[in-house]
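Reviewing the structure listed below.
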Amino acid sequence: MSWRDAVRLSDVAFTELSLQAIYALRQGNLGPPEPAERMVPRARRRVVQSKAIVSFVLGLLAFAVAYALHESRTVASAFPFAVPPGVFDAGLLTGLLSLDVAFLWWTGMQVLPTFLSSGVLPVLEPLPIDDTTLSRVAGLLYLRLFDLPALTVVLATPLLVGFALGPWAGLAVVPGVVAAVGFALALSLLTGRFFVRRVQGSRGGGGRALVRWIYLVLWLVPAFALFGFVTAAPAFFDFLSHLSVEGPSTGSHLLLAAFPFPLAALPAIASNGAGGFGLDPLGWLVLGGATAGYLLLAVWAFVWVLESVRRMSIVPPAAARPVRPARLDLVPRPVVLAVLTKDLRIASRTPGFAFLVLLPILDAVAIGLWTYVTASGSAAASNLAFAAVTTAALLATFFGPAFFAIEVFAFAYGRTLPIADRSLLGGKVLLVALMYLTASAIVLGITLARVFDPAVFALFILAELPGVVAASLLELGILFRRARRRGMPVTNLYAGAWYAIFVSVPGLIVAAVPLLAFQVARIHGSPLGLTVMGAAALAELALAAPFALGRDGS
Amino acid sequence: MATAPPLSIGELTVRYGERVAVDRLSFTVGPGEIYGLLGSNGAGKTSTIKSVVGLVRPAGGTVRVFGRDVTVDGLRVKEQVGYVPETSLLYDALTPREFLEFVSSVRHLDRSVASERTASYVRAFRLEGEFEEPILTLSYGTRQKVLLIAALLHQPPLLVLDEPLNSLDPRSVRIMKELLVRYVAGGERGVLFSTHTMEVAEQLCHRVGILDRGVLRGEGTLEALREKVAAGDATLEEVFLRLTEEGEGVRAAVDSLGAPG
């Protein structure tokens, strides 16, 4: 069979993959109450929309960096140290290429579990199709998960850099973007394989659950790339400044060898010349060698990806040895806790959902850690700690509705169990409250050493809690009404992802009101600020609870 | 309420858009009875069962479990029903232990009762080795066993089983058959059982209902159905083909295929 046949087959397979990605029918969801012929075009449209959102973010990043390159003198003057123009441009492009890798990698990690669980490729295996064609179909299918975002990186970056630094620079950035895409695809597949073996197929038990959550925290690292870049940028440019003053050194040679700096240096040299880099013969050798090496590695990565996708997608998860458990006892819990436990257990083997639980917590922790760059006991430290808790409250409220899509798993079965809406709702609200409290408790722990007034801070956390619960109840109240009317899970992508975003708007307002009340009233002292905040949050809870819990059903 | 049968279906109609899947179907599952619902693919068996467990809202008619209307008192009905679906699409990310723990919590089972029953079923179905493995990694047969345990865990007064023996190994099929016979022996519980396999229905069911394109073509004991089609010693398969008027169709289909090879 030819490449044309492979393309044709991958098109059919991609339709099935889109259908499973959106409707999750193989994960036990009920089909929507609409004619089947509408489902396929809608699924394809939703997948394109998702890819368009990622592409938009990548395009926006490229545009922002190109703008900074165009205005590099003004931007560079904002830094307290002098970096030669060419080196400064290379620094900016290093950031852009790193972010391209991180975003594409993150995208891959989000879609890979669906790709692997869709069972699309195993369906093709028994058909009379030769091995080469099957491998090509698998490779093409995998590439299609990234097509629009990858094309955005490969096309938009050279165009925008060319516009900012000239056509030669635009051309010189091509090896960098090709390598970024190649490495991101390979990293996604590698981590995907790791996920299948170590997370999705992990056996039960408390210890193993802890290990899974640690893996999932590592899984989130690329999502913090932008945060890391912004945080590390001043130190990085300071480092570049030192190196350029120092001239050729071991440090500068190591930098020239480290991905993606040499590939980012090419367009900077094409635009500004190599003067600022102070390259000695060894420096040129390292630059040339690293560039060629990374390009070869990227080509190898593409080939490896195309060859490995098929093998990986038909390998069943988990190769754990069957072990006879010593005990067969069960620990039934109150229904609300059972819902919470079930959701956390599913999330611990499903990175997409684990991401929604961990991100508010890790984000708050990251902001909390910033207090260590401020003076101990200062107002700045205190404000950062409050900001960390505020972030936890708002992110838990924002991501809550998206997390409720976990209900699509085995929805057809779950609906036959006698779970009252009130219990289901209670479990979900408890999760959001737990996310907020965990993040806040960690921030409190981190910032205790900065000693500003832990008692006030602890009261601040508690005073916001009813506001977070009220926000979550409001969001769920809206979602439950819609879900029950249409006979589908609490949230689902086919209901339109926009709906989960839409309901989070009133939720965010409700969560923000007590925080704003505190900021306004604290002018007259923290006790008044906390009293007003607590009163506002409790009033919101008194209004939201009857709205959400007032109608119970099956 | 005390005298109400485990399941009573009256004039049930199920529609998917314009298509009528079940057309004014009426039957009752009595106390102590295993009622078999037989039919070809697309006959309306699963739609009927989904109406009983609340997955499909009937377009007309009533479904009552021990006198309670499914559409009015759904939560109470679900408490009284144990259900095994046609496809074993479960919470793939959970292990059997985690899944059964969730089910026993939802069913408000006491810890010792839940543990005792689980241990008995797990040992009977030889599931010990897979008890801590994610469901995702289990075979269809093993998933089916997990579903059967989940349905039996609270010893419901009505069991609703949609093709429950599919994918099970012969040993487990035998266990299930004997278990179902004992399950209703007390004379209070009922079982609604759908299957394609005539031999199983013949061995297990006290009465059967034969569905064809959403319409009940016949109902009763095997003897009563034989009388209806005037076939004194016919098997259930022959009775089924006569009632659904598919006997001639089968012969014509085989003839049209010719000899293989």
Side-chain angles (χ1 to χ4, degrees), chain A residues 25-30 33-35 117 196 199-205 208 316-325 327-339 341-342 345-350 353 406 409-421 423 487 552-554, chain B residues 16-17 50 53-57 70 73-81 83 85 87-120 122-123 127-134 136-137 147 150 153 160:
Chain A
L25 299 171
R26 286 185 204 227
Q27 289 166 320
N29 191 22
L30 274 178
E34 65 180 30
S117 64
V196 170
V199 177
Q200 205 173 30
S202 156
R203 304 179 79 236
R208 289 189 188 87
R321 282 175 298 132
V323 181
R324 277 180 183 267
R327 293 166 27 242
L328 294 171
D329 60 326
L330 301 182
V331 186
R333 300 168 171 83
V335 182
V336 169
L337 282 181
V339 170
T341 312
K342 183 247 321 167
R345 281 170 167 168
I346 291 176
S348 77
R349 292 190 182 92
T350 318
F353 288 110
I406 207 165
F409 290 123
F411 180 64
Y413 182 80
R415 259 187 75 186
T416 68
L417 295 173
I419 309 174
D421 282 357
S423 304
D552 202 3
S554 57
Chain B
Y16 299 107
K50 283 183 172 174
V53 296
L55 284 175
V56 167
R57 197 167 180 86
V70 170
D73 210 357
L75 204 59
R76 298 283 164 273
V77 167
K78 287 172 185 176
E79 283 171 357
Q80 294 186 298
V81 174
Y83 168 56
T87 50
S88 51
L89 294 169
L90 289 169
Y91 298 98
D92 274 358
L94 299 182
T95 65
R97 175 202 287 283
E98 292 165 351
F99 172 63
L100 294 172
E101 231 165 47
F102 175 63
V103 172
S104 61
S105 304
V106 167
R107 300 278 185 199
H108 305 285
L109 292 182
D110 177 70
R111 182 176 178 168
S112 59
V113 171
S115 299
E116 202 176 296
R117 286 180 188 163
T118 301
S120 308
V122 165
R123 288 195 188 103
L127 265 180
E128 299 99 317
E130 288 88 10
F131 201 55
E132 294 285 8
E133 304 294 330
L136 176 76
T137 66
L147 271 171
L153 211 54
V160 179

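Both backbone and side-chain heavy atoms feed into the values below; hydrogens, waters and symmetry mates do not. A note on names: the letters A, B, ... follow the listed sequences, proteins ahead of strands, and every chain is numbered from 1.
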Rounded to the nearest 0.5 Å, how far does CZ of A:Arg333 lie from CZ of B:Arg111?
->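 The CZ atom of B:Arg111 sits 9.0 Å away from the CZ atom of A:Arg333.
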
Distance, nearest 0.5 Å, that separates OG1 of B:Thr118 from CG of A:Asp329 |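 That separation rounds to 9.0 Å.
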
Below 4.5 Å from any heavy atom of chain A, which atoms of B:Tyr16 appear? Answer side chain, backbone, both or neither.
->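 For B:Tyr16, there is no contact with chain A at all, as no heavy atom is under 4.5 Å.
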
Part of B:Val122 lying under 4.5 Å from any heavy atom of chain A |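 Side chain only.
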
Is the closest basic N to carboxylate O distance between A:Lys342 and B:Glu101 below 4.0 Å?
->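 Judged by the 4.0 Å cut-off on N to carboxylate O distance, A:Lys342 and B:Glu101 do not form a salt bridge.
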
Between B:Val106, B:Thr95, B:Leu100, B:Val53, the one whose heavy-atom pairs under 4.5 Å with chain A are most numerous =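 Answer, by heavy-atom pair count under 4.5 Å with chain A: B:Val106.
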
Top residue by heavy-atom pair count (under 4.5 Å) with chain A, among B:Pro96, B:Ser112, B:Ala119?
->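 Of the options given, most contacts go to B:Ala119.
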
Less than 4.5 Å apart, any side-chain heavy atom of A:Leu328 and any of B:Arg123?
->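 Yes; the side chains approach each other to less than 4.5 Å.
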
Nearest heavy-atom pair of [X] and [Y]: which atoms, and what distance?
{"X": "A:Leu417", "Y": "B:Arg107", "answer": "CD2-NH2, 3.8 Å"}
{"X": "A:Leu330", "Y": "B:Ser115", "answer": "N-OG, 2.9 Å"}
{"X": "B:Ser105", "Y": "A:Pro332", "answer": "OG-CA, 3.4 Å"}

Does B:Leu94 offer a backbone N or O that forms a donor-acceptor pair with the side chain of A:Arg345 under 3.5 Å?
->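 Judged by distance alone, no pair lies under 3.5 Å.
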
Any sub-3.5 Å donor-acceptor pair from A:Arg415's side-chain atoms to B:Gly54's backbone N or O?
->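 Yes, A:Arg415 side chain to B:Gly54 backbone: donor-acceptor pair under 3.5 Å.
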
Parallel, tilted or perpendicular for A:Tyr413 and B:Tyr91, by the 30°/60° rule?
->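 Judged by the thresholds at 30° and 60°, the geometry between A:Tyr413 and B:Tyr91 is perpendicular.
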
Heavy-atom pairs under 4.5 Å with chain B are the metric here; pick the option from A:Ile346, A:Val331, A:Thr341, A:Val339 that has the most.
->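 The candidate making the most pairs under 4.5 Å is A:Val331.
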
